[in-house]
Amino acid sequence: MKVLVTAGPTREFLDPVRFLSNRSTGRMGFAVAECARCRGHETVLISGPVSLDFPEGVRAVRVVSALDMLEAVRSELSCGCDAVVMTAAVADWRPEVRAERKLKKEESPPVLKMVRNPDILVETAGLRRGCVCVGFAAETDHVMESAVRKLEKKELDMIVANDVTRPGAGFEVDTNIVTFITASGEEQLPLMTKAAVAGRILDFIERRRRERFGC
Ligand code: C5P
């Protein structure tokens with residue numbers, strides 16, 4: 001099986017040296033890629049800028065912005081994939097204009113006009129047909145309602161919801177507390193390492209493939 005994983009944050013530049021980003025470290029996605037590889041699957045990991053080493057045996061695709069990530073995902077999906085796990089914390093907005101030179105502090109502070117980035121999952125729904133698709137929903141409030149909405153809107157087989165405000169969950173830690181949500185129900189998992197969550201995600205994907213294709 002060929003598994004495509006996205007990970008990490010994206011950076012949205014306002015001038016050549018400054019960018020907007022988020023707290024994602026890439027650990028969840030790297031754990032998924034490592035687990036897929038260990039189970040013998042061909043694995044491609046598209047990641048925004050992170051300080052982690054890419055797992056051995058995984059094909060690494062490094063990107064910077066949300067638009068770069070969209071292009072990389074499109075290109076991988078066009079070559080065919082069996083499963084997609086989107087853990088990347090893609091920036092929702094980018095500055096409308098990227099200055100060509102460094103903005104000077106002596107000038108008046110910039111007033112940023114932001115524009116929406118494309119939603120990679122929504123944009124690639126057509127190319128993902130036939131793949132088992134898993135997304136993530138990192139939330140601070142109304143966790144379950146938002147996740148269920150995203151499961152449908154983003155045309156996913158499963159969404160992994162987590163409340164990033166809970167100790168031991170979300171950004172910058174090696175553990176997570178997640179709920180798996182599918183069209184047929186929810187499963188709340190206890191606090192576990194990101195490696196263990198990755199294993200459960202791969203279990204789901206392999207089971208779904210067997211149900212769908214008997215392989
Ligand atoms: O809408 P939200 O950002 O909470 O959705 C999270 C899920 O959607 C994750 O799986 C993330 O990788 C994906 N996503 C995306 N493109 C975006 C934003 C999020 O594919 N622009």
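All residue numbers refer to positions in the sequence shown, counting from 1. Bear in mind the structure is a predicted one, so any value in this text is a computation, not a measurement.
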Enclosure of [X] [atom1] (heavy-atom neighbours >12, cutoff 6.0 Å):
X	atom1	result
Arg166	CZ	no
Lys113	NZ	no
Glu107	CD	yes
Glu71	CD	no

Considering residues at least two apart in sequence or located in another chain, which fulfil the salt bridge (Lys or Arg N to Asp or Glu O under 4.0 Å) criterion with Glu139?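 If we apply the salt bridge (Lys or Arg N to Asp or Glu O under 4.0 Å) test to Glu139, skipping adjacent residues, the hits are Lys150.
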Give the C-alpha distance, both sets of side-chain angles, the deciding distance and a yes or no for side-chain contact (heavy atoms from CB on, under 4.5 Å) between Glu187 and Thr179. CA-CA 5 Å; Glu187 183 187 4; Thr179 306; 5.8 Å; no
Nearest 0.5 angstrom please: Arg74 CZ to Ile120 CD1, how far?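 Between atom CZ of Arg74 and atom CD1 of Ile120 there are 9.5 Å.
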For the atom pair CG (Leu103) and CG (Asp15), what is the distance rounded to the nearest 0.5 Å?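 These two atoms lie 4.5 Å from each other.
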In the single-linkage hydrophobic clustering (I, L, V, M, F, W, Y; side-chain heavy atoms under 4.5 Å), do [X] and [Y] co-cluster?
X	Y	value
Val90	Val73	yes
Ile159	Met144	yes
Leu121	Leu67	no

Side chain of [X], backbone of [Y]: donor and acceptor closer than 3.5 Å?
X	Y	result
Arg128	Glu155	yes
Thr124	Leu127	no
Arg116	Arg94	no
Asp82	Lys2	yes
Thr43	His41	yes
Asp163	Thr165	yes

Looking at every non-hydrogen atom in both residues, tell me the closest pair between [X] and [Y] and how far apart they are.
X	Y	answer
Val160	Ile201	CG2-CD1, 4.2 Å
Thr6	Met69	CB-SD, 4.2 Å
Ala161	Ala147	CB-CB, 3.7 Å
Val134	Ile205	CG2-CG1, 4.1 Å
Ile177	Pro167	CD1-O, 3.7 Å
Ala60	Phe54	CB-CD2, 3.3 Å

Take Met28 and Phe136, measure what side-chain contact (heavy atoms from CB on, under 4.5 Å) needs, and give me the verdict at the end. CA-CA 10 Å; Met28 191 63 245; Phe136 270 69; 3.6 Å; yes
Quick one: side-chain hydrogen bond (donor to acceptor under 3.5 Å, both in side chains) partners of Glu172, sequence neighbours excluded?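 For Glu172 the side-chain hydrogen bond (donor to acceptor under 3.5 Å, both in side chains) partners, ignoring immediate neighbours, are Arg23.
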Which residues share a side-chain hydrogen bond (donor to acceptor under 3.5 Å, both in side chains) with Glu42, sequence neighbours left out: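 Here no residue qualifies.
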Carboxylate-amine/guanidinium proximity below 4.0 Å for Arg37 and Glu34: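 Here Arg37 does not pair with Glu34 in a salt bridge, since their nearest N and O are not under 4.0 Å apart.
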Is there a side-chain contact (heavy atoms from CB on, under 4.5 Å) between Phe180 and Arg200? Walk through the geometry before answering. CA-CA 9 Å; Phe180 284 179; Arg200 299 290 288 266; 3.7 Å; yes
So, Asn117 versus Asp92: side-chain donor-acceptor pair below 3.5 Å or not?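 There is no such pair (donor and acceptor under 3.5 Å, judged by atom type) between the side chains of Asn117 and Asp92.
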